[in-house]
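Structure, as structure tokens:
Values reported hereafter were calculated over all heavy atoms of this structure, with side chains retained and with hydrogens, waters and symmetry mates removed. Per chain, numbering begins at 1; letters A, B, ... match sequence-line order.
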Number of protein chains: 2
Amino acid sequence: MFNKQELIDFCETARSSYLDHISIDCVVFGFHEGQLKVLGLKIKNEASWYLPGGFVMKDEPIEMAANRILKERTGLDEIFLQQFRVFGDPERARPHHDLYKDMLPPEENWFSMRFLTIGFYALVDFVHVNPTPDGHSESCTWYDLTDLPDFKLDHAQIIKSALDTLRLQLNYQPIGYNLMPKEFTMPELQKLYETILDKKLDRRNFQRRMLGFGILNRSEQPRKGGAHKAPYLYSFDLEHYQNALKEGLKGGW
Amino acid sequence: MFNKQELIDFCETARSSYLDHISIDCVVFGFHEGQLKVLGLKIKNEASWYLPGGFVMKDEPIEMAANRILKERTGLDEIFLQQFRVFGDPERARPHHDLYKDMLPPEENWFSMRFLTIGFYALVDFVHVNPTPDGHSESCTWYDLTDLPDFKLDHAQIIKSALDTLRLQLNYQPIGYNLMPKEFTMPELQKLYETILDKKLDRRNFQRRMLGFGILNRSEQPRKGGAHKAPYLYSFDLEHYQNALKEGLKGGW
DNA sequence: AGAGCTTGGTGTATTTTGAACACAATAGTA
DNA sequence: TACTATTGTGTTCAAAATACACCAAGCTCT
């Protein structure tokens, strides 16, 4: 939460740089240790969490704005990023407005206006992310999708909507490339699908189907060192992967 | 196109009623005589076409705004309406800005600001629509998707994007209810699917599959009067239809 | 009236796809 | 060297999609 002077300063910057009424919120999905995770910002001295978000500069394409915002929070550039919905309830930021209404009169407070937020979701490789809090957050960290903290405003709803979109996406597009490390085993990839869909898949059928898409390359060398049988390592065939993104896959899960 | 006084008046209304920077454009799909159609507005004395669109009132949910806009153009209320994407290129309305830049200085002209437009698409029953032009349009009429006039700005792109979304939708949701009249024959419904997907489907397999979804009721009486064999009439079982909308269908085309 | 055309409804093989399961291979461990 | 956990591959069976064949009904034309 801002103090009064911070609020005044920010409002001035905002008014000159950003489009009124429009914000962006990003649901950043990562995958680690068999769990689907979401990036969340914890506000200083509060039990309040928010999605990484920001505003659109007056002369900036919205995709570029989302990319800029995410780069600041994750260190990543050129990540998989897709808008999925606008959240436009007039009352959606009401708690936020009330918070500041005694500090600055509405006509001076840029935040007191109504905001529509454009929801983006991002798929990123967990280990490459460097979560970086912004000025009024005490932390930027990963949260298990199954164990989310208290996200404020409509941010919990935004996360749910993003997850629904991701599950649909799975039915007609390949998605692993953005969430998996360069090399991975088939069971690891399967775990990703199972986590997103929240159901068990048959090991053997998954393998056959996945290979059937023709978007995987198998390495010569299996992974060594672990207990039990050494699994093969796979990586995505980027050319075929891109093609599958455009053309779409068949059928669903 | 506005003249100067109209522009001044409109700007005044707009400033007091609407959210800055945000517009809504609607792709209204209808189906008639085996053709998929889109509603377009033709500007007076110009070879320019636009999608029906409008702005969001300061305290109005965006879905309600889209509904209001469509009601004015079609006479229909409570129609199937869904947002599918935000178009946010900073340059998207450039031609529109240039048009008015000599008439009113930018700081007085509400239209000279940057607008993001939220794309909605609607599915409506062709025969129930009463296309109504707005003040600066000379007509509001249906255009064949295969033979579109010269839509300005990025409206052609918006139409294409809506169509892509509709095609995807077809894979996991029933859609006929909103586009067909109350009663229809199976071949008529098939024609709708063929038109949207732009490919031929097998008559018999289509019938079996459609019936398999369990969302159709067959009437006792076949349609009389036409040449050749009298086909059965079907209507949608609204309860099961709504359920299929929520649960989703299996597989794709 | 009835042959012939067109359109609509139903049935039935064939192929493809998906789900379930058995078994072999490999690497570590006791 | 058995034993276990894990991965890779094959095989079977059922369901679904596909492709066709056939029948029924209504109109037209002679």
Measuring from the side chain of [X] (C-beta onward, heavy atoms only), which nucleotide among [options] has the closest atom?
X      : options               : value
A/R208 : C/dG8, C/dA20, D/dT18 : C/dA20
B/R204 : D/dG26, C/dG9, D/dC20 : D/dC20
B/K229 : C/dG18, D/dT7, C/dT7  : C/dT7
B/N205 : C/dG9, D/dT18, D/dG8  : D/dT18

In whole angstrom, give the distance that lies between atom [atom1] of [X] and atom [atom2] of [N].
X      : N      : atom1 : atom2 : value
A/D202 : D/dC13 : CG    : P     : 17 Å
B/R209 : C/dG11 : CZ    : C1'   : 20 Å
B/F206 : C/dG9  : CZ    : P     : 12 Å

With a 3.5 Å cut-off and sequence neighbours excluded, list the donor-acceptor pairs that the side chains of residues 27-36 of chain B form with protein atoms.
none

> Is the distance from OP1 or OP2 of D/dT9 to the nearest side-chain N or O of A/Q207 less than 4.0 Å?
Replying inline: yes

> Is any side-chain nitrogen or oxygen of B/R218 closer than 4.0 Å to OP1 or OP2 of C/dT10?
Replying inline: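 It does, given that an N or O in the side chain of B/R218 lies less than 4.0 Å from OP1 or OP2 of C/dT10.
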
>> Going by the rule ring-ring contact (aromatic ring centres under 6.0 Å, His included), which residues pair with B/F151 if we only count those two or more places apart in sequence or in a different chain?
In response: none

>> Is it the case that D/dG8 (base atoms only) and A/R203 (side chain only) share a donor and an acceptor within less than 3.5 Å, ignoring hydrogens and angles?
In response: yes

> Would you say A/D154's side chain and A/Q157's backbone share a donor-acceptor pair under 3.5 angstrom?
Replying inline: no

> Do B/R167 side-chain atoms and B/I196 backbone N/O form a donor-acceptor pair below 3.5 Å?
Replying inline: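 Yes, B/R167 side chain to B/I196 backbone: donor-acceptor pair under 3.5 Å.
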
